[in-house]
Amino acid sequence: MSTPPQHHPSPTELDDLELLVTGAAAPIVGFNEPGSPLTLTLPDDLATADVVELVDPEGLPLARVTPRGDAGWPVEALTHAQYGPFRSLYLSPADVRERYAGRTFVPVVDALTDTQIEDLQGLGPVVLLALAGAGTPELSPVALVRATLTAAAMLTAADVVVVPLAAHGDADTDHALGAQVVGIYAGGDPVHGLVDGLVDGGDLPDEIAVIVDRDQPTPEERGLVLFFTGLSGSGKSTLARALMDRLLERGERPVTSLDGDVVRRHLSAGLTFSREDRETNIRRIGWVAAEIARHGGVAVCSPIAPYDETRQQVRAMVAATGGAFFLVHVATPLEECERRDRKGLYAKARRGEIPEFTGISSPYEEPTDADLRVDTTGRSIDAALDDVLVALRDAGYLDLTDTDAPPLVEVRAEHPLVEVRAQRASKPAEPTNPSAPLRVLFVCTANICRSPYMELAARRLVGGDPSVTFSSAGTHGLDAQPMSEEMLPGYETDADGFRSRRVNAEMITSADLVLTAEAAHRTFLLEEHPEAFRKVFSLGQFAEAVAAHGSTTTGRELVEKVGRHRSAADPRDDVADPYRRGPEVAAACSARIDGLLAIVVPAILQNRATQ
């Protein structure tokens, strides 16, 4: 006997296997028997093995299968499944015959209506066979069992047995197999087919309706994965960030961003950019997104995800949790993406410095199943976002097209925790002392160039005005470093004693206004602190909002107003990093910051605010 590699069976294989090997009365004792509806397909390297061991996801051996070419493949049971909800109700045919012989058996594949329950009352003692394998019931397997147990409690004498009968994607096969399995469990006792309760005017009893509603929420209540895919530079991350802003502004759903670069920094640290590792990164994003959807949340994902096979795997993960998967193909042409190339990646790829770069030396498989296709060429982010919002509304998942709708602040009794979080994300905390100084925090990458320059320049602009205070920090970099000499001209004395520091939660919480050098810094902060989205802006974004609101609103009132009504942060408004790029770039950076601060600082002075 050879020792073959372990095969991890699918849920369908496990369900069928348990059905076969746990019942001594089962006439089918293997896979691939002539005329049998049960088949097992093995990888090529296992098809010629003497024996193949089937294990559960934890590696526990369940059975051995002996492949025999076209003949039947015998199955030897080793154990049974050790865990799972309602495991005690999964009985073998032999156990069922021992406990319930003489009863009427009723196969159940959906929640029972009051008409059906009334029909069963006159049958005497019954056994409700919940056919709960993958793909068989209308409800999820767990919800089907819960609904069936609830119905059993309404009958005079009823017990529930769960049969892990999986669907095989063919109506005739499923019907034949189902009839055979039910007959084995009944063992010659009567089998009663349910009347169609809904056709006959039946309704779900209230107790069962609650279970069904929770298991099958309306489209706008389902967990949702919004998956943006496209080439580097296509605008997918910018679109995803703009959608995140809109979701947070409305505050009606818990939402999580899963940007490809950010996931690599945290969840996929250590992975390379080989095809295998890139696909692993996408699968990790998909798994996390699916778990978010399982609990009714919204996950916004924006990886490149160039391969259709992996996108389909993510779609399947989401479907398995009961969530909805909405695929947006940001179909900006390669030429336009390469023209934008802010990071110089395409140029490096063209020179061969970046191997396996999508669109240049590695393929991008355009999706044929996208729910929406958007080309951002020559379009504003708001215009492209409108396409996404309309498509989501038309699909019934989210309606964010009404920008004037007030944020949700009511605490609903049935979902208090979710709604309290939504309220906190929608309504900024009131300052404990409205006359206290307005606290402004500037943020860049390392806190040695742009953000310290912003801090020092802003202090000079206000002079000794005590109504506003300024500080700075960085998202990355080393702590306690002096300010870069490139940004020092004119501020040498002011920068004495300055040392860089990393931004932390306390800084974000205590600040009244956070202004970042780039839109990417803003995204970084909001991934960890989504509740602060009304007070975190890029400097260019905030300056544009100040100009739009004019001089009628200032101080805290201005900050709060901009937090309620603002456009998305546009990377084109970024203050570019001058680090080690020479004095001319540093001077241009200083001039850019000076121009923006000349707009922002006078507008936020507290002594000009109307209080």
Side-chain angles (χ1 to χ4, degrees), residues 15 83-91 96 99-100 103-165 167 178 182 185-186 190-223 253-254 293-297 319-324 396 410-420:
D15 284 345
Y83 59 89
F86 302 112
R87 179 54 51 191
S88 63
L89 300 179
Y90 285 73
L91 303 178
V96 171
R99 296 188 192 185
Y100 301 121
R103 295 198 180 193
T104 297
F105 287 77
V106 181
V108 177
V109 295
D110 202 352
L112 298 185
T113 66
D114 49 13
T115 300
Q116 293 169 330
I117 292 172
E118 183 179 355
D119 175 58
L120 296 179
Q121 285 288 13
L123 297 180
V126 298
V127 174
L128 303 180
L129 291 176
L131 306 182
T136 294
E138 295 293 330
L139 298 172
S140 68
V142 171
L144 176 67
V145 177
R146 293 181 63 231
T148 306
L149 287 169
T150 303
M154 300 177 183
L155 296 169
T156 303
D159 289 280
V160 176
V161 171
V162 183
V163 179
L165 179 64
V182 171
Y185 276 83
V191 175
H192 180 81
L194 289 166
V195 298
D196 192 332
L198 294 178
V199 170
D200 292 343
D203 296 316
L204 294 176
D206 291 343
E207 300 93 324
I208 295 178
V210 169
I211 297 171
V212 172
D213 289 344
R214 289 177 179 172
D215 189 65
Q216 297 182 331
T218 58
E220 66 270 17
E221 294 175 327
R222 290 177 69 187
R253 300 286 296 272
R294 183 194 301 277
H295 300 290
T321 66
E410 177 186 358
V411 178
R412 299 178 183 172
E414 63 267 31
H415 299 297
L417 291 179
V418 172
E419 299 304 338
V420 165

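We count residues from 1, following the sequence as given. Below, all heavy atoms of this structure are taken into account, side chains as well, without hydrogens, waters or symmetry copies. All figures in this text were calculated on a predicted structure; none of them were measured in a lab.
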How far apart are the closest heavy atoms of [X] and [Y], and which atoms are they?
| X | Y | value |
| --- | --- | --- |
| F105 | V96 | CE2-CG1, 3.5 Å |
| L112 | L204 | O-CD2, 3.6 Å |
| L165 | L131 | CD2-CD1, 4.1 Å |
| L91 | Y185 | O-OH, 3.1 Å |
| A132 | Y90 | CB-OH, 4.5 Å |
| A111 | A147 | CB-CB, 4.2 Å |

For T150 and M154, what are the C-alpha separation, side-chain angles and deciding distance, and is it a side chain to side chain contact (heavy atoms under 4.5 Å, CB included)? CA-CA 7 Å; T150 303; M154 300 177 183; 3.9 Å; yes
Is a side-chain N or O of R222 found less than 3.5 angstrom from the main chain of G322, in a donor-acceptor match? yes
Please answer whether the main-chain N or O of D203 pairs with a side-chain N or O of D114 as donor and acceptor at a distance below 3.5 Å. yes
Atom CD of residue position E118 - does it have more than 12 heavy atoms of other residues, nucleotides or ligands inside 6.0 Å?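 No, the 6.0 Å shell around CD holds no more than 12 heavy atoms from other groups.
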Going by side-chain hydrogen bond (donor to acceptor under 3.5 Å, both in side chains), name the pairs with one or both residues in residues 204-214, residues two or more places apart or in two chains.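 For residues 204-214: none.
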Set of residues satisfying side chain to side chain contact (heavy atoms under 4.5 Å, CB included) with respect to E220, sequence neighbours excluded: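 Result, side chain to side chain contact (heavy atoms under 4.5 Å, CB included) vs E220: T218.
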Does any non-hydrogen side-chain atom of P85 lie less than 4.5 Å from one of V145? no
Apply side chain to side chain contact (heavy atoms under 4.5 Å, CB included) to the pair L120 and L128, showing each step before the final yes or no. CA-CA 10 Å; L120 296 179; L128 303 180; 4.0 Å; yes
If you measure from CG on L149 to CD1 on I208, what distance do you get to the nearest 0.5 Å? 10.0 Å
What is the distance from atom OG1 of T115 to atom CG of L194, rounded to the nearest 0.5 Å? 11.0 Å
After noting the C-alpha distance and the side-chain angles of Y100 and V161, does the key distance pass the side chain to side chain contact (heavy atoms under 4.5 Å, CB included) rule? CA-CA 10 Å; Y100 301 121; V161 171; 3.9 Å; yes
Where at least one partner belongs to residues 147-165, residue pairs that pass salt bridge (Lys or Arg N to Asp or Glu O under 4.0 Å), sequence neighbours excluded: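 Checked against salt bridge (Lys or Arg N to Asp or Glu O under 4.0 Å) - neighbours excluded - the pairs reaching residues 147-165 are R103-D159.
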Would V126 and H192 count as a side chain to side chain contact (heavy atoms under 4.5 Å, CB included) if you check the C-alpha gap in whole Å, the side-chain angles of each, and the deciding distance to 0.1 Å? CA-CA 9 Å; V126 298; H192 180 81; over 6 Å; no
